[in-house]
Every structure is written in C-alpha cells, then in structure tokens.
Amino acid sequence: MQGMQFDLDEIYSQSIMTKRPSILVEGVDDIAVYDRIVNANGKQAEVIAIETIEGFSKGCNSVIDAVNFLKDIPVSRYEPSDYILGIIDKDVRDFRGEVPENNLLLILDVYSIENHFVNSEVVVQLLKTCTKGTSELFTDSLKDKLLSECVSSMELLFLASLEALKGALDSNYFADFSYCQKYGRLKDIGLASRLRDKKNELYSFASTLSLSDDLDSLKKIAKGKWLLSIFCEELERVIKNLPEQCGVDPIKKCQMCVSEVENSCLYRISEGFSHKTMREIAKQQYDTNEISYIRERVATIARRIA
C-alpha cells in the first residue's frame with residue numbers, strides 16, 4: 001500500500017499557521033544537508049523533499065513546478081514568498097539561458113551543493129580533525145598553499161567538466177565525458193589522453209564562457225560529487241607530504257620536529273583517516289562563509305513572518 005504523501009496546499013497553510021517557512025528541496029539526500037544549514041542555530045524552517053508531495057517526483061524540475069504553482073495562486077493577505085522557498089542546484093541552466101524567474105526559488109551559485117564544501121575553511125577543519133597539529137600551525141599561508149596545490153592538480157577535472165558542459169550545450173557535439181558519468185572514469189588513461197588532446201579546443205570554449213582554470217570556475221561547471229571526491233584525494237596527498245616539509249616556509253615547524261622526536265611530526269595524518277573519511281567530514285561543514293547566503297535567505301524569510 002502506498003504511503004500517505006503531503007499536499008502542497010496543506011504545506012503552504014501549515015507554514016502560515018506555524019509561522020515557519022517550508023523549504024522544498026530536490027530529493028531525500030538534500031533533507032539533512034539543508035536542515036543542518038538552515039537550522040543549525042535553532043529551528044527556523046521545515047525542509048521537505050519534493051517527492052514526498054503528492055503529484056511531484058524528485059528533481060529540480062518538480063521543485064520549479066511547485067513554486068510556479070504557488071506563485072500563481074490568487075492573491076491574499078499572505079504572500080507565498082514569505083512561507084515557501086524552493087532550493088535547487090545551478091547545474092548548467094545559466095549557460096543554457098534557462099534560469100527561472102521566481103521569487104520563491106533560490107538557485108545555488110555553484111553546480112551543486114557539494115561544491116560549497118571545497119574551500120579554505122574546510123581545509124583548516126580537515127587539518128584539525130585528521131592530524132595532531134595545533135591551531136597555531138594552521139596559518140592562512142598554510143591553508144592557501146594546500147588549497148592551491150590541490151586546485152593545480154585538478155586540470156583533468158577542469159577539462160572533463162568543460163567536455164561535459166560542451167556536450168550538454170551542443171546536441172551535435174559528441175562528448176567523451178558527460179555529466180551522467182562517475183568521476184572514476186577519469187582514471188581511464190585512454191579517456192584522460194583524449195581530453196588532454198582537446199586541451200586547446202576546450203580552453204578556447206572556456207574562454208567564450210569567461211571560465212578559467214581556477215576553483216571558482218570549477219565550482220560552476222563540475223558536478224559536486226566529482227569535485228569533492230577529487231579535492232579530498234588531492235588534499236590527502238598534499239597533507240601526507242607535510243611532515244617532509246615541516247619548518248620550510250610557509251609551514252611552521254611543529255614542536256615535535258623542533259625537539260627532533262622521530263616519526264612524531266604533528267602534521268602527520270592520524271591513523272584511520274583517508275580521502276574517504278575526509279569527504280564525509282567536509283560534508284559536515286555547514287557554517288562556512290560560502291554557505292551563508294543560503295542560511296541568510298531562509299533567516300530573512302523566517303524573521304519576516306515571526
């Protein structure tokens with residue numbers, strides 16, 4: 001027997017009665033993510049997966065359809081934009097000129113939410129969690145160095161993302177890599193070689209869209225699961241190199257190395273930590289400045305109807 005689903009009108013009415021906005025998200029995986037972002041400092045909103053609402057399936061198009069329906073309801077003393085907010089990934093809709101105009105909708109600044117967990121604040125948190133280092137060691141210079149080293153090692157991801165983007169925008173273009181594929185495909189030597197052979201062509205394509213080989217552009221065009229996974233793999237690699245560089249500017253020398261205690265450098269990765277655990281830890285960083293625009297949008301709505 002099919003379980004009972006929510007009704008969109010009832011959700012809207014409930015938000016009015018409780019004076020608590022409802023946030024509509026693309027799917028079940030987004031519930032915990034957005035709940036932790038918007039409700040970290042106390043309950044401000046209800047986060048609801050769109051597929052739990054009668055008449056809608058999961059995905060961004062259903063969120064768009066739902067907020068379009070609410071926007072068109074007859075005018076009353078209550079403004080739907082005060083009570084309902086749909087949040088969707090940016091995907092490539094901006095490059096296609098398909099950005100919906102609806103004040104009940106928040107479109108992410110990046111391709112997908114996971115891309116917001118790749119930044120210098122997350123680097124510091126991972127250093128604190130995965131090594132024995134003290135806070136004084138984790139300087140701005142160190143985090144900038146590590147982030148820069150990671151990004152400089154991700155040119156293949158940039159090329160792959162451009163290839164996927166080109167394929168998504170041009171139906172006549174045969175892409176060697178697409179958004180429906182997993183990032184593990186990039187470990188295929190043949191594919192990597194084909195993408196590098198297209199480097200000049202792909203960089204020229206990037207230039208027409210004002211994209212550069214940097215983190216900001218990667219966040220706009222790389223699928224979040226790709227970027228976060230590869231970022232954590234690269235970060236594990238560069239952190240593992242830190243003990244050999246301990247004391248070499250800009251890396252401050254730790255007290256164990258100052259005391260010449262062998263094999264005890266505080267920059268060493270603690271046992272049990274790897275790029276996989278780093279990825280899960282990174283996804284728990286909900287209070288970074290980069291995500292503040294999402295939190296503030298919901299907080300503004302909540303304050304308006306309180």
Side-chain angles (χ1 to χ4, degrees), residues 29-42 108 110-154 157 183-184 215-216 218-219 222-259 261-295:
D29 292 341
D30 295 318
I31 297 174
V33 174
Y34 287 106
D35 183 72
R36 288 165 185 157
I37 291 173
V38 305
N39 293 323
N41 299 314
L108 296 187
V110 293
Y111 186 97
S112 53
I113 188 64
E114 292 93 344
N115 289 348
H116 275 319
F117 299 118
V118 178
N119 57 59
S120 57
E121 289 178 85
V122 171
V123 169
V124 171
Q125 191 57 46
L126 288 171
L127 283 168
K128 288 179 178 178
T129 307
C130 301
T131 74
K132 293 184 172 69
T134 54
S135 295
E136 65 182 18
L137 297 179
F138 306 140
T139 62
D140 287 345
S141 297
L142 175 61
K143 69 183 181 185
D144 290 345
K145 167 187 163 63
L146 297 184
L147 190 60
S148 175
E149 284 187 26
C150 289
V151 174
S152 66
S153 300
M154 292 195 283
L157 176 62
Y183 87 99
L215 185 56
D216 285 342
L218 260 178
K219 289 182 180 181
K223 203 169 182 177
K225 289 180 174 63
W226 302 345
L227 178 58
L228 183 58
S229 295
I230 293 176
F231 165 69
C232 289
E233 288 181 8
E234 293 300 327
L235 187 60
E236 179 187 20
R237 178 183 60 80
V238 298
I239 291 177
K240 281 182 174 178
N241 292 333
L242 287 180
E244 295 175 14
Q245 304 166 19
C246 187
V248 180
D249 191 62
I251 302 167
K252 294 179 69 173
K253 197 161 191 174
C254 79
Q255 60 177 282
M256 303 306 288
C257 291
V258 167
S259 303
V261 180
E262 290 188 10
N263 300 319
S264 298
C265 180
L266 297 180
Y267 290 107
R268 289 178 65 183
I269 290 184
S270 301
E271 188 176 347
F273 288 102
S274 68
H275 61 272
K276 291 181 179 178
T277 48
M278 285 181 179
R279 188 174 63 219
E280 295 311 307
I281 294 166
K283 286 159 62 178
Q284 301 299 315
Q285 307 313 309
Y286 299 104
D287 58 350
T288 61
N289 289 328
E290 193 170 315
I291 296 178
S292 62
Y293 75 99
I294 303 171
R295 194 162 40 246

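The closest side-chain heavy-atom distance from F273 to T129 is below 4.5 Å. Between I281 and C130 the shortest side-chain heavy-atom distance falls below 4.5 Å. Looking at heavy atoms from C-beta onward, L235 lies out of side-chain contact with V122 at the 4.5 angstrom threshold. Counting heavy atoms from C-beta outward, L108 and I294 have side chains that approach closer than 4.5 Å.
Distance check, rounded to the nearest 0.5 Å: OG1 of T277 to CD of E236 gives 7.5 Å. Atom CG of L227 sits about 4.5 Å away from atom CG of N115, to the nearest 0.5 Å. In this structure, CD in E234 is found 10.5 Å from NE2 in H275, a value given to the nearest 0.5 Å.
A distance-only check finds no donor-acceptor pair linking the side chain of R268 to the backbone of K132 [under 3.5 Å]. Between the side chain of K223 and the main chain of Y183, no donor-acceptor pair closer than 3.5 Å is present. Using modelled atom types, one side-chain atom of S264 and one backbone atom of E262 make a donor-acceptor pair closer than 3.5 Å. Using modelled atom types, no side-chain atom of Q125 and backbone atom of E121 make a donor-acceptor pair closer than 3.5 Å.
Using a cutoff of 4.0 Å between basic side-chain nitrogens and carboxylate oxygens, K276 and E280 are not scored as salt-bridged. The residues E149 and K145 are annotated as salt-bridged, a charged nitrogen and a carboxylate oxygen being separated by less than 4.0 angstrom.
Closest of all the heavy-atom pairs between C150 and V238 is SG-CG2, 4.0 Å. Contact record, P250 with S141: CB-CB, 3.6 Å, taken as the closest heavy-atom pair. Minimum heavy-atom separation, L228 to K283: CD2-CG, 3.4 Å. C246 and K252 make their closest contact through SG-O, 4.0 Å (heavy atoms, listed as atom of the first residue, atom of the second, distance).
Checking each of Y286, Y111, Y293 against H116 for a ring pair (Phe, Tyr, Trp, His ring centres under 6.0 Å) leaves exactly one that passes, namely Y293. Checking T131, L137, L146 one by one against L242, the side chain to side chain contact (heavy atoms under 4.5 Å, CB included) holds for a single residue, L146.
For CD of Q255, the number of neighbouring non-hydrogen atoms (other residues, nucleotides, ligands) closer than 6.0 Å is 12 at most.
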